[in-house]
Amino acid sequence: HRHAPPSSAVPARPPPPGLVGAVVELSIQLRRELADLRSDPGAVGAAVGAPLSSATLLAAAFWNQGHDDARTVIFLGYCLLVLFITPVGVTLPRMAANARTFGVEADAGLASPVAFALANLVAALPVVALIAVVVVPAVFAAAGFLLTVEALSIAVAACIVAGMAAHAIA
């Protein structure tokens with residue numbers, strides 16, 4: 001199905017100057033991002049489903065291998081990081097539509113690149129974090145790795161950083 005145009009119209013006037021204006025602008029951009037996510041459940045489903053299906057494959061591939069071999073730990077960690085980078089491709093059409101709207105607003109002096117970039121990242125963070133919290137412990141358990149708070153925290157944080165870096169680059 002075709003992607004719907006960005007959900008919010010161009011604001012009528014520029015936000016006030018200073019910190020208040022930056023917060024207002026960020027709020028407008030964030031509301032647009034969240035509305036766009038709600039308007040395209042298929043893309044959100046694909047962005048969530050891709051890492052979950054990949055995690056299932058990783059769990060099967062590393063089933064009960066344990067943490068004794070450092071190469072296994074490193075390779076599984078690398079696979080998890082890649083798993084969090086690849087779903088960004090699903091959201092590229094939505095990002096392109098939002099970038100076109102941003103271009104119009106920026107040309108009119110109504111939006112800044114900082115607010116646009118921050119809104120994109122803040123909108124993606126809950127989904128990326130939720131997937132990391134679900135996927136990492138499940139894959140670690142299937143692989144027979146030690147499920148310590150420290151190991152899981154580091155792996156979850158690394159996957160969140162990888163996913164957010166991919167969103168920032170896209």
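Below, all heavy atoms of this structure are taken into account, side chains as well, without hydrogens, waters or symmetry copies.
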message = Tell me whether Val161 shares a hydrophobic cluster with Val127, the cluster being built from Ile, Leu, Val, Met, Phe, Trp, Tyr side chains joined at under 4.5 Å.
response = no

key: Heavy-atom pair with the smallest gap, counting every atom of Cys79 and Leu58   = CB-CD2, 3.4 Å

Can I get a per-line list of side-chain donor-acceptor pairs under 3.5 Å for residues 43-53, giving both atom names and the distance, sequence neighbours left out?
{"unit_1": "Ser53", "atom_1": "OG", "unit_2": "Gly49", "atom_2": "O", "d": "3.1"}
{"unit_1": "Ser53", "atom_1": "OG", "unit_2": "Ala50", "atom_2": "O", "d": "3.0"}

inquiry  = If hydrophobic clusters are built by linking Ile, Leu, Val, Met, Phe, Trp and Tyr wherever their side-chain heavy atoms come under 4.5 Å apart, do Val136 and Val133 end up in the same one?
reply    = yes

ask   = Would you say Ile131 and Leu57 are hydrophobically clustered, going by side-chain heavy atoms of ILVMFWY under 4.5 Å?
value = no

remark   = Residue set satisfying side chain to side chain contact (heavy atoms under 4.5 Å, CB included) with Leu146, at least two apart, ordered chain then number -> His67, Thr148

Side chain to side chain contact (heavy atoms under 4.5 Å, CB included) partners of Leu130, counting only residues at least two apart = Val134

request  = Measure across Leu76 and Ala143 and return the closest heavy-atom pair with its distance rounded to 0.1 Å.
outcome  = CD2-CB, 4.0 Å

request  = Indicate the atoms forming the closest heavy-atom contact of Ala55 with Val139, along with that distance.
outcome  = O-CG2, 3.7 Å

Output field: ring centroids Phe62/Phe145 closer than 6.0 Å = no

task = Could you tell me which non-hydrogen atom of Ala158 sits nearest to which non-hydrogen atom of Leu81, and how far apart they are?
result = O-CD2, 3.4 Å

task = Applying side chain to side chain contact (heavy atoms under 4.5 Å, CB included), name anything that partners Leu147, two or more places apart in sequence or on another chain.
result = Phe140, Ala141, Leu152

Closest approach of Ala132 to Cys159 (non-hydrogen atoms, all atoms of both residues) = CB-CB, 4.3 Å

request  = Keeping to residues at least two apart or across chains, list the ring-ring contact (aromatic ring centres under 6.0 Å, His included) pairs with something in residues 24-50.
outcome  = none

ask   = Can Leu80 be reached from Ile154 by stepping across I, L, V, M, F, W or Y side chains whose heavy atoms are under 4.5 Å apart?
value = no

